There are 2 protein chains.
Amino acid sequence: MTYGEKFEALAAPIRLAVFERLRQGPASVGALADGLPVSRPAVSQHLKVLKQAGLVAETRQGVKRIYRLDTEGLAALRDYFDRFWDDALGAYKRSLEARDA
Amino acid sequence: MTYGEKFEALAAPIRLAVFERLRQGPASVGALADGLPVSRPAVSQHLKVLKQAGLVAETRQGVKRIYRLDTEGLAALRDYFDRFWDDALGAYKRSLEARDA
DNA sequence: TTTCTCCGTAAGTCATGACTTACATATGGA
DNA sequence: TCCATATGTAAGTCATGACTTACGGAGAAA
C-alpha cells in the first residue's frame with residue numbers, strides 16, 4: 001500500500017490498461033481479459049498486484065468477481081501529487097531566494 | 001513523455017528516492033549519489049530515465065550538472081490523477097443509477 | 001451429484017532492467 | 001598545456017517479473 005507499490009503497479013503496460021479500463025466502471029476478469037493481448041490468468045495476476053497496491057477492489061457477484069477502482073488508493077495518489085506540486089514550487093521559490101542572497 | 005513512461009520511471013525504488021530528494025530542491029549527480037546505496041553511474045542512468053520521462057530537468061553549472069524537478073511533467077501527473085478522480089466518481093455514480101434502474 | 005462457468009494458483013520459460021567496473025569526455029584551474 | 005573534478009557511456013552479469021499452459025476450487029443450474 002506504499003506509493004512505491006502503486007507506481008510499480010502502474011508501471012506495467014497491461015496493468016495500466018486495466019487501470020484505465022476500470023476508469024469507465026467496474027468489470028469482471030473475463031471482460032477485462034477480452035480486449036487485452038494477454039491470457040486470462042495473466043490478467044488475474046495483474047489484478048492481484050493492483051489489489052495489493054490498493055488501486056482496485058474486488059466484489060463477488062455469483063460466480064463472477066467484479067473489479068473496480070479503489071477510491072482510497074486513488075485519492076492517496078491524487079493527494080500525493082498535489083502535495084508534491086506545492087512542495088516543488090516552494091523549493092523552487094527558496095532556490096531563487098538563495099541565488100539572490 | 002507518456003504517462004506509462006512516467007510510472008515506469010517512478011517504479012524503481014532508487015529513482016523514486018531521487019525524485020523525492022529533488023522535492024527539497026536541485027542537486028548535482030554526486031550529491032544525489034551520496035546517501036544512496038548505489039554507485040554514481042547507476043544514479044546517472046536513473047537520471048537519464050527520469051529525464052526522458054519528463055520528470056526531471058538538467059542545468060549545467062560549470063563542471064557540475066544540476067538536476068531539478070520538471071514542473072511540466074509534475075503538473076501533467078497531478079492533472080492526470082485529478083481527472084482520473086473525477087472520472088472515477090462519475091463512473092461510480094452512473095453504476096449506482098444503472099443498478100437502481 | 002454432476003456439469004458448466006468463472007476464476008485463482010502452480011510451475012516453468014524468457015526477456016528485461018538494475019547494477020557493477022572500466023573507459024571516454026568536458027570543464028576549470030595551475 | 002596538463003591535471004583534477006564531475007559526469008556520461010559501454011559492456012557484461014544477474015535477479016526479477018511478465019507471460020504461458022496445466023490444474024484446482026467454488027458457485028449456479030440440471
Side-chain angles (χ1 to χ4, degrees), chain A residues 1-22 25-70 95 99, chain B residues 1-22 25-70 95 99:
Chain A
M1 301 280 291
T2 65
Y3 295 115
E5 239 179 325
K6 287 179 170 56
F7 295 139
E8 283 185 39
L10 297 178
I14 297 289
R15 281 200 296 268
L16 182 54
V18 170
F19 190 63
E20 289 280 357
R21 166 64 186 78
L22 293 180
S28 69
V29 179
L32 290 171
D34 295 342
L36 287 177
V38 294
S39 67
R40 185 198 48 76
V43 174
S44 246
Q45 292 163 7
H46 283 310
L47 285 168
K48 186 178 182 181
V49 175
L50 285 167
K51 185 181 175 185
Q52 197 142 22
L55 292 176
V56 307
E58 185 189 353
T59 309
R60 314 197 52 156
Q61 200 171 92
V63 73
K64 292 188 181 179
R65 305 201 181 181
I66 308 298
Y67 281 87
R68 54 179 169 78
L69 293 176
D70 184 333
S95 74
R99 189 200 54 181
Chain B
M1 301 279 291
T2 65
Y3 294 116
E5 238 180 324
K6 287 177 170 58
F7 295 141
E8 283 184 38
L10 297 178
I14 297 289
R15 281 201 295 268
L16 182 54
V18 169
F19 189 62
E20 289 280 357
R21 166 62 185 78
L22 292 180
S28 68
V29 179
L32 290 170
D34 295 342
L36 287 177
V38 293
S39 67
R40 185 198 48 77
V43 174
S44 244
Q45 294 164 5
H46 283 310
L47 285 168
K48 186 177 181 179
V49 176
L50 287 167
K51 185 183 175 185
Q52 197 143 20
L55 292 176
V56 307
E58 184 190 355
T59 309
R60 313 197 53 157
Q61 199 172 93
V63 71
K64 291 188 180 179
R65 306 200 181 181
I66 307 300
Y67 282 86
R68 54 181 168 77
L69 293 175
D70 185 332
S95 75
R99 189 200 54 183

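In this text, all values refer to a predicted model and were calculated from it rather than measured experimentally. In what follows, chains are A, B, ... by sequence order, proteins preceding strands, each numbered from 1.
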**Report entry** Pairs involving residues 27-41 of chain B, ordered by first then second residue, that meet salt bridge (Lys or Arg N to Asp or Glu O under 4.0 Å) (sequence neighbours left out)
**Finding:** none
**Report entry** Residue pairs, two or more places apart or on separate chains, that pass salt bridge (Lys or Arg N to Asp or Glu O under 4.0 Å) and touch residues 3-17 of chain A
**Finding:**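 Residue pairs with at least one partner in residues 3-17 of chain A: there are none.
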Requested in this report: Could I get the full list of salt bridge (charged side-chain N to carboxylate O under 4.0 Å, His left out) partners for B/Glu58, not counting sequence neighbours?
Outcome: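 Once residues adjacent in sequence are excluded, the partners of B/Glu58 under the salt bridge (charged side-chain N to carboxylate O under 4.0 Å, His left out) criterion are B/Lys51, B/Arg65.
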Query raised in the report: Nucleotide range of DNA chain C contacted by chain B, 5' to 3', under 4.0 Å to a heavy atom?
Result: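 The protein-touched segment is C/dA18 to C/dG28.
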Requested in this report: Could you identify which residues of residues 8-18 of chain A place a heavy atom less than 4.0 Å from some atom of DNA chain C, listed by residue number, or say none?
Outcome: none
Report task. Apply ring pair (Phe, Tyr, Trp, His ring centres under 6.0 Å) to A/Tyr67 and list each qualifying residue two or more places apart in sequence or on a separate chain. Result ->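 Per chain and number, A/Tyr67 pairs via ring pair (Phe, Tyr, Trp, His ring centres under 6.0 Å) with no residue.
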Query raised in the report: How close do A/Ser28 and A/Lys64 get, heavy atom to heavy atom, and via which atoms?
Result: CB-CD, 4.4 Å
Query raised in the report: Do you know which two heavy atoms are closest between A/Met1 and A/Gly54, and how far apart they sit?
Result: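 Closest approach of A/Met1 to A/Gly54: SD-CA, 3.6 Å.
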Query raised in the report: Within the pair B/Tyr67 and D/dA6, is there a side-chain N or O less than 4.0 Å away from OP1 or OP2?
Result: no
Requested in this report: Please work out which residues in residues 27-35 of chain B have a non-hydrogen atom less than 4.0 Å from an atom of DNA chain D and list them by number.
Outcome: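 Heavy-atom cutoff 4.0 Å gives B/Ser28, B/Val29, B/Gly30.
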Report task. Output the residues of residues 44-59 of chain A in contact with DNA chain D, where contact means a heavy atom of the residue under 4.0 Å from an atom of the strand; sort by number or write none. Result ->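 Close to the strand are A/Gln45, A/His46.
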Query - Closest-nucleotide 5' rank along DNA chain D - winner of B/Lys64 and A/Val38 - result: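 Nearer the 5' end of the strand: B/Lys64.
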Report summary line: Taking for B/Val43 and for A/Pro37 the nucleotide of DNA chain D with the nearest heavy atom, the one nearer the 5' end belongs to B/Val43
Requested in this report: Compare all side-chain heavy atoms of B/Val49 with those of B/Leu55 and state whether any distance is below 4.5 angstrom.
Outcome: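 No; the side chains remain at least 4.5 Å from each other.
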Query raised in the report: Under a 4.5 Å cut-off applied to non-hydrogen side-chain atoms, are A/Leu47 and A/Leu32 in contact?
Result: yes
Report task. At under 4.0 Å between heavy atoms, which parts of nucleotides 23-30 of chain D does protein reach? Answer with one letter per nucleotide, 5' to 3': B base, S sugar-phosphate only, - none. Result -> ----SS--
Separation between [atom1] of [X] and [atom2] of [Y], rounded to the nearest 0.5 Å:
X	Y	atom1	atom2	answer
B/Asp70	B/Leu22	CG	CG	11.0 Å
A/Leu50	A/Leu10	CG	CG	7.0 Å
B/His46	B/Phe19	NE2	CZ	15.0 Å
A/Leu16	B/Thr2	CG	OG1	8.5 Å

**Report entry** Contacts of type side chain to side chain donor-acceptor pair (under 3.5 Å), residue B/Gln52, not counting sequence neighbours
**Finding:** none
**Report entry** All side chain to side chain contact (heavy atoms under 4.5 Å, CB included) counterparts of A/Val38, not counting sequence neighbours
**Finding:** A/Ile14, A/Leu36, A/Ala42, A/Val43
